[in-house]
There are 2 protein chains.
Amino acid sequence: MATTIYDIARELDVSHSTVSRALRDNPTVASATRRRIKEQALKMRYKPNLLARGLVNGKTQMIGFLTGSIYLEMVSAAAMVASNALRKAGYDMQITATEGRFKPTQHCANDLVARGVDGLIVRGVFPNITAEQMQEHFQFPAPTVFTSAVQLPFPCRQVCHDEAAGVTEIMEHLYGLGHRHIYMLSGLWEGWKKYPVFQGFYKNTAKYNLGNAREKIHKAPESFFDENGRRIYDTEVLTVWIKKFLQSHPDCTAIFCTSPKIALMLLSILPRLGVRVPEDISVVSSGDITGASCSHPQLSVVSLPLGKMMRTAVELLLDGIENDDNKPAKVIMPTKFIIRQSTEKVRSKARIKLKN
Amino acid sequence: MATTIYDIARELDVSHSTVSRALRDNPTVASATRRRIKEQALKMRYKPNLLARGLVNGKTQMIGFLTGSIYLEMVSAAAMVASNALRKAGYDMQITATEGRFKPTQHCANDLVARGVDGLIVRGVFPNITAEQMQEHFQFPAPTVFTSAVQLPFPCRQVCHDEAAGVTEIMEHLYGLGHRHIYMLSGLWEGWKKYPVFQGFYKNTAKYNLGNAREKIHKAPESFFDENGRRIYDTEVLTVWIKKFLQSHPDCTAIFCTSPKIALMLLSILPRLGVRVPEDISVVSSGDITGASCSHPQLSVVSLPLGKMMRTAVELLLDGIENDDNKPAKVIMPTKFIIRQSTEKVRSKARIKLKN
DNA sequence: TTGTACGCGTTATCAG
DNA sequence: CTGATAACGCGTACAA
């Protein structure tokens, strides 16, 4: 059994409440006894039971970080930032990854709350969870901040990045390079048609008169989890897919991927099909993972202000906790377009031709 | 305030203990009342207070996952596997990332225990924490399983992968391709000289008579965290570093990286220095991150059995929890060498020459 | 079948 | 300055 304040009290022949006070530097207890108690506590390796403390205080100094997956580089990076920022403010953060499905997500969220977290950071939107479901089921008694690429269509505290603006930059860039046949390769799940990427794509396709946006958006093959817990896009499958795609869309001169991972794979697959990047086709992506700067060619991307977002989220959260409210607030952060080498002037040939 | 069993009891004019029993399907309570109570609980959106439950039960159904960083792809993947395995067994898992330094790590570990976790998975060894410190400070009252590349030099439950064997495979492979000047580029911190990678490298360098191993091992430039929480190896710095290295070691025909990320960067830097991979220099790494299969050329790697390791760790942990013991156990898992395209027959020229 | 009373380890309020 | 005593919400002997 772990030692409790009672053990210390008994040993020193004082009451447990004196021990409790002494341990938290309450000045009402004589400095002499205070010292004695602290020494004894140290000697007995006393560690306060945080469950008990949380129960009586109604506060746990613990923040929950809820996310569908911790596997994505950008998610884990975000978690680190949030964790460090919170630690500075005296809070611990516990990450809970839920696989993105509704049931586990809700379960974990409830658990977090039931475990008495003082606040909640909900990262991302979840596959197969609609906005309506989020609104209905993601109302927690503890202050909550949502962070994602999506402006949630209900009042809540949230900080998101302006992905649509990023898309605008991309389209502007590509258009300036002469591209008129720009396709979007989406790895995103259904049910969130309102994704700003889509909106941005629609808007700009219209603005530059690039044809029917709906026909330009294509869904990438599903990814899956391998036995090592890694989310994998099967290379073979993607190869077949992109081959078919280019055969039926030979006018394509630029591909905009919503996932940098898919973009990176494209960079490696296309040359094998006899398609050069960027000479034949330009590739660009949303999301700046580190691999993007050592790919061949280096990938042009929309960089997301993850660090700022998470620090802001933490600020919002702490504010909510201090003032014991949960009043809606929306912060939208600008993205930054990083031009590297995967985007170039449009090719002269109208149609692309694959090897053999 | 959240609703408690007392609230339900009052509403239904029964005692709170009846409610407590009913809610956990205790057959001693009349099925009629049981239904009434459950309905009422649902209606009042009752959620059990897990702090209180944990306090009285001495069990929380919660496992802590302690790691220096969650940022590495392999760590987050491992976390997902463990989390899912634990969930199946009825446990929740909370991840705590500590930045790898001693103080926060110890703090977080104590916190986890103080919060009443039923068990602990400690992933990796920690920068700047020696084996002695680990032995002294990582003795927790709750069952603990360590997972890492290192066999901890003290009795504990642990599952590690046999990295040395992986190195052996690499060296065998390279030697077979004619390489006699194999260098190791290590991204690992000091203080853990006992890393099996080193041992494996020493052993095989001796075995194949490849010269003084100590002179073959070189430390890569330090990485740092950028504002977005990503661990970055600065490309410029690494470029300068590798340039200098090759100038002073022109005999080098193969580089073995302990970090796949560095290897990937090398793949992109070397060509810019006029060095072709694998024609001029072979590159190989320990750790199979997904980017390794879409690099140019694809990277030969030692693949770690992360999934199996984590599932085994979970098994060990659950065993420890069930039997309420913490008796030492050591599981060592074999790695798998994946030959891709970054390793080839040794070049004919004795010395490498950089562009300009 | 149900209710009473107590304990889990803290903190907080009151007397003294 | 210190010590009873009462919460916090839940589980559970024990009694009814």
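When reading the values below, keep in mind they use all heavy atoms of this one structure, side chains included, and skip hydrogens, waters and symmetry mates. Every chain is numbered from 1 and lettered A, B, ... according to where its sequence line falls, protein lines coming before strand lines.
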Checklist line | All side-chain contact (heavy atoms from CB on, under 4.5 Å) counterparts of B:Pro155, not counting sequence neighbours | finding: B:Gln135, B:Pro328
Can you give each donor-acceptor pair under 3.5 Å made by side-chain atoms of residues 42-53 of chain B, sequence neighbours left out, with the distance rounded to 0.1 Å?
residue : atom : partner : partner atom : Å
B:Asn49 : OD1  : B:Leu51 : N            : 2.8
B:Asn49 : OD1  : B:Ala52 : N            : 3.1

Checklist line | With B:Arg231 via salt bridge (Lys or Arg N to Asp or Glu O under 4.0 Å) - residues at least two apart | finding: none
Item checked: Members of residues 22-41 of chain A that approach DNA chain D, where some heavy atom sits under 4.0 Å away -> A:Thr28, A:Val29, A:Ala30, A:Thr33
Margin query: I'd like the 5' and 3' limits of the part of DNA chain D contacted by chain A, with heavy-atom contacts below 4.0 Å.
Written below: D:dC1 to D:dG9
Margin query: Can you pull out every side chain to side chain donor-acceptor pair (under 3.5 Å) where at least one residue sits in residues 80-94 of chain A? Sequence neighbours excluded, please.
Written below: none
Item checked: Angle between terminal axes - the helix from C:dT1-D:dA16 to C:dG16-D:dC1, 5 pairs each end, rounded to 10° -> 50°
Next item on the list: Please identify each residue that fulfils ring pair (Phe, Tyr, Trp, His ring centres under 6.0 Å) with A:His107, with sequence neighbours left out.
Entry: none
Next item on the list: Kindly write out the residues that satisfy salt bridge (Lys or Arg N to Asp or Glu O under 4.0 Å) with A:Arg123, not counting sequence neighbours, or none if the list is empty.
Entry: none
Notebook entry, point to check: What string of B, S and - do you get for nucleotides 3-9 of chain C, 5' to 3', when a contact is any protein heavy atom under 4.0 Å?
Noted result: BBB-BBB
Margin query: Give me each pair satisfying side chain to side chain donor-acceptor pair (under 3.5 Å) with a member in residues 109-121 of chain B, each pair once, sequence neighbours excluded.
Written below: B:Thr60-B:Asp118, B:Asp111-B:Arg115
Next item on the list: Indicate whether any N or O donor in one side chain lies under 3.5 Å from an N or O acceptor in the other, for A:Arg35 and A:Ser31.
Entry: no
Item checked: B:Phe138 and B:Phe126, any side-chain heavy atoms less than 4.5 Å apart -> yes
Notebook entry, point to check: Should the heavy atoms of other residues, nucleotides or ligands under 6.0 Å from NZ of B:Lys330 be counted, would the total exceed 12?
Noted result: yes
Next item on the list: Answer yes when A:Lys327 and A:Asp319 have at least one side-chain N-carboxylate O distance shorter than 4.0 Å, and no when they do not.
Entry: no
Checklist line | Any residue meeting side-chain contact (heavy atoms from CB on, under 4.5 Å) with A:Cys160, in chain and number order, not counting sequence neighbours | finding: A:Gln151, A:Gln158, A:Ile332
